Amino acid sequence: MTTKRSRSLSSAAADSNAPQNGIASLLSPKAQGKRRVTTSSPPPHVGAPPNRLIIAIDLDSFYVSASRLLDPSLIGQPVGVKQKGLLATCSYEARALGVRKLSTVRDALRRCPALILVDGEDLTWYRRLSAKVWRLVRGVVGPWDGKVEKLGLDELFVDVTEMVDAHIRGREEGKTREDAGRVFFQVAPDSEPEAGFWYDTLGKPIGHVLPLDSHASSSEDTPSSTYRSRLILTTHLALHLRNLIHSQIGLTTSAGIAHNKVLAKLVSSRHKPAKQTLFLPRSAEDVVRFLDDEADVRAIMGFGGAIVSKMRESLGATSSEAAANDDASPPLSVSLARKAFPLAHLTTLFGPRLGIRLHGLLRGLDDEEVAPTPLYPLQISIEDTYRGLKGQEVVAEQMRLLAASLLRRLEGELMGSGAGMLSSEPGKAEQMEKQDDRGKWQRHDMPLFLPGEQGNITGKEAPISDQKVIVRCYRERESDPSESSTWQRYPLTVRLSIRHGWGKRTSRSTAMPLDIFDVRTLSRRERAERLAGVLMGLLLRGGPGQGQGQGQISGEALLGGEGLNLINIAALNLATRRPAAQPLRTFFDAGGGGAARQKRDSVDMETLLQLPEDIRREVAAQYGIVLEEQEAVVGAEQESRLDTGCEEDEDDALWDDLPPIPAMDPSSPANIASSSLVCSHCGVAEAPWLQHDHARWPIYGVPAVLLGSATASEGSGA
DNA sequence: ATGGGTCCT
DNA sequence: AGGACCC
């Protein structure tokens, strides 16, 4: 995106279908050139590069397969993995006996008394295995700037464009090994025994191909045979990755290969388990025809419950009245959605950005990049559900339990020894890790508990009538944290979310008490106690401001009507370095917001201006935007952004080094008007509205008496 | 429904 | 802080 491509405004109204990543991207540059002469030029697309090669990988019935790695006696058996009263997933053997994913445990047992239940509420093992798969794949494609994105625990998106094209370049330059009509695809730049795979040069794809007649008739013209062969080569790479996951980790996968994420994911589920599918359309009509096979728009990633229900509502207003409810009504088909919702309709319902995106999705257009999953997550949270949790002590007790288990997770996932986890060779280290891991896990059989129908005293759970049913739980033996292990990330914020019997979630957040990081001097119980204290404070005494009008979260939540239904605790805002002490929040609230917000507001215009011209005009007209003016404004913004070059934050940098006070330039007259604003005690220049706090809590924003002690406690309202 | 996650507004 | 999406 470095060079600004000249925009040919003369491009005819051509086709709103012609495409960001539709059929234009299926044409080689050469073919595009030809097409440009005969018809009109496709709108220049600024953004996702065309011609991407995307693999979507799906781990087959992941919870079941992962459980089987821990407990081989589950192999070949009907297995259901339960979370509370539901089956999160079940084995294919169970499905053959009539068990359905997401059915209630009671239903499943009725249909299949032999069903073996596995506890899936503690995700530790699944999370670890999932991360291992991600690291394995990233280890292969990473060196080529390949991107690997995790979606949930059991799906990956992989962008292998660079990797495949590098191979093809090497092959054109005669740098690859060939033998009897076969070529070696070397997947690691300089591996000792060459890592990679052989493929034949006949150009036959591996696995299934859609649309069905797509590969049979190989007309030479459109789309370009080069692009087709790149996709076909990608099927070999996909198989290689899947073989790797199977041999190194022991999981089978399904995969889809296409030129964008949405289509790759769609085809990956067309042939299931342990199969792969290539999407190889010859035209935009092929794409649309393929999508029209879907009876439910919800199959398209991006169409969720809220969107579909809003669409159905809007449809019901003009056609039938019975569209009110989600569940009972028949699904909205892709073809109906496309015909009934022209662009203007979608942008009216959902705004320009989302509207345009959905409009594209209905035509198979998706320029969303594969976003590499970072080494550490952006947030870590735990939650549990209840049946009307009431009473301050009862709630406090649960809070302690949840706090302790959050701390266990933070220690497990955010502590380590610096460079430890990176790029281990697939050979020994992985094997060691594998065996190590599994030895520490033990099975415990617990009686089955299900949410009770009749109100019970704890408000939690009641055993179902048949006491003989057991649930297999797998737990890791706790091991001592090694001496060299230190925090790699520090969550600066903790957020409490709750749900009452009735309504939606509400949440609020505050600074993380810093002594939870003191693993050497404080026991987990002690640290959990402190965290739980902060959380109870959040629950009881309303929001950060004093006179908050909407304090629905407080008081009555503990005693009133229905009690708590859900508690979720999240650790977020993960910094790379340990904060010195509690930051002054007011400082950031005052200083930080403005520039970033402005930037974000301008994004809408930028994306609007990047659209194909006809769509841009249509949306602009609908919103009364004068395009010429906006082009000038955005252009100026882009240039000034280059000038300043000071990007600043990038989340951690802001928080890292320093207590916040020096972050504001004290020498700037705009900020500090007179020397009377310099603190008489410590000499730090302070904005007027902070003088009071600063006097109470010099420098670090905590009371001075706490600075000497080993652990500065939270400096919140004392 | 569950026990998580992501990004956008 | 809440809402949408994903699994």
Side-chain angles (χ1 to χ4, degrees), chain A residues 56-59 61-63 80-89 100-108 119-124 126-127 130-131 134 149-157 261-262 265 268-269 298-310 326-327 349-354 357-358 361 368-374 376-387 402 405-406 409 413 450-451 493 495-499 503-510 538 542-545 548 550-553 565-572 596-597 600-601 603-604 607:
Chain A
I57 299 177
D58 197 322
L59 305 174
S61 49
F62 174 58
Y63 285 172
V81 180
K82 57 146 276 196
Q83 289 172 335
K84 285 294 181 324
L86 294 178
L87 284 194
T89 190
R100 295 291 150 227
K101 214 192 259 193
L102 297 187
S103 73
T104 67
V105 171
R106 239 181 269 275
D107 265 14
D119 174 75
E121 288 166 31
D122 181 346
L123 299 178
T124 308
Y126 308 110
R127 216 152 13 216
S130 172
W134 168 71
E149 176 181 356
K150 249 158 76 60
L151 188 58
L153 294 185
D154 68 340
E155 287 182 20
L156 296 176
F157 288 108
K261 285 168 69 175
V262 160
K265 182 174 160 133
S268 80
S269 57
R298 294 209 50 175
I300 300 176
M301 184 177 53
F303 287 86
I307 285 172
V308 172
S309 121
K310 205 164 170 183
D326 296 353
D327 240 9
L349 284 177
F350 301 108
R353 200 140 115 162
L354 186 51
R357 161 130 245 266
L358 296 174
L361 288 179
E368 200 171 292
E369 296 273 349
V370 174
T373 294
Y376 292 95
L378 306 175
Q379 90 187 30
I380 292 180
S381 71
I382 51 143
E383 69 189 38
D384 206 344
T385 51
Y386 309 90
R387 303 205 134 242
L402 289 172
S405 79
L406 178 63
R409 267 196 69 195
E413 296 183 27
L450 290 174
T493 307
R495 181 183 65 201
L496 174 68
S497 306
I498 60 170
R499 199 206 306 130
K504 325 216 168 212
R505 279 181 195 225
T506 60
S507 63
R508 56 173 69 108
S509 59
T510 188
L538 225 38
Q548 191 132 41
Q550 35 182 337
Q552 265 70 352
I553 197 172
N565 217 337
L566 167 107
I567 302 179
N568 173 297
I569 311 175
L572 19 110
R597 181 166 301 281
R600 226 174 291 131
D601 285 349
V603 164
D604 260 342
T607 50

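Worth saying up front: this structure is predicted, and the values here are computed from it rather than measured.
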Distance below 4.0 Å between Arg505(A) side-chain N/O and dG3(C) OP1 or OP2: no

Sugar-phosphate, base or nothing in reach of Arg409(A), heavy atoms under 4.0 Å: sugar-phosphate

Sugar-phosphate only, base, or nothing, as touched by Glu383(A) at under 4.0 Å among non-hydrogen atoms: base

Per Arg127(A) side chain, nearest of listed nucleotides dG4(B), dA1(C), dG3(B): dG4(B)

Phosphate OP1/OP2 of dG2(C) contacted by Ser507(A) side-chain N/O (<4.0 Å): yes

Touch class at under 4.0 angstrom, heavy-atom based, for Gly120(A) against every strand present: nothing

Sugar-phosphate, base or nothing in reach of Leu86(A), heavy atoms under 4.0 Å: base

Glu368(A) CD - dC5(C) C1' separation (whole Å): 10 Å

Sequence-distant partners of Thr124(A), side-chain hydrogen bond (donor to acceptor under 3.5 Å, both in side chains), two or more places apart: Asp122(A)

From dG3(B), dA1(B), dC6(C), nucleotide with atom closest to Lys265(A) side chain: dC6(C)

For Asp107(A), salt bridge (charged side-chain N to carboxylate O under 4.0 Å, His left out) partners two or more places apart: Arg110(A)

Partners passing salt bridge (charged side-chain N to carboxylate O under 4.0 Å, His left out) against Glu149(A) (at least two apart in sequence or in another chain): Lys261(A)

Partner residues of Arg499(A) under the side-chain hydrogen bond (donor to acceptor under 3.5 Å, both in side chains) criterion, sequence neighbours left out: none

Among dA4(C), dC6(C), dG4(B), the nucleotide that comes nearest once only the side chain of Ile307(A) is considered: dA4(C)

Sugar-phosphate only, base, or nothing, as touched by Leu102(A) at under 4.0 Å among non-hydrogen atoms: base

Sugar-phosphate, base or nothing in reach of Phe303(A), heavy atoms under 4.0 Å: sugar-phosphate

Ser509(A) side-chain N/O to dA1(C) phosphate OP1/OP2 under 4.0 Å: yes

Gln83(A) side chain to Gly120(A) backbone, donor-acceptor under 3.5 Å: yes

Residues that Phe62(A) engages under ring pair (Phe, Tyr, Trp, His ring centres under 6.0 Å), provided they are two or more places apart: none

Presence of Ser381(A) side-chain N/O under 4.0 Å of dG5(B) phosphate oxygens OP1/OP2: yes

Rounded distance (nearest 0.5 Å) linking atom CG of Leu86(A) with atom OG1 of Thr104(A): 7.0 Å

Any Lys84(A) side-chain nitrogen or oxygen under 4.0 Å from OP1 or OP2 of dG3(B): yes

At a cut-off of 3.5 Å, list every protein nitrogen or oxygen paired with a nitrogen or oxygen from nucleotides 6-8 of chain B, distance to 0.1 Å.
| from | atom 1 | to | atom 2 | distance (Å) |
| --- | --- | --- | --- | --- |
| dT6(B) | OP1 | Leu378(A) | N | 3.2 |

Closest to side chain of Thr506(A), choosing from dG2(C), dA4(C), dC7(C): dG2(C)

Residue among Asp384(A), Leu496(A), Thr385(A) satisfying side chain to side chain contact (heavy atoms under 4.5 Å, CB included) with Ile567(A): Leu496(A)

Selected nucleotide, minimal atom distance to Ala306(A) side chain, candidates dA1(B), dC5(C), dC6(C): dC5(C)

dG3(B) phosphate, OP1 or OP2, under 4.0 Å from Thr385(A) side-chain N/O: yes

From dC6(C), dA4(C), dG3(B), nucleotide with atom closest to Met301(A) side chain: dC6(C)

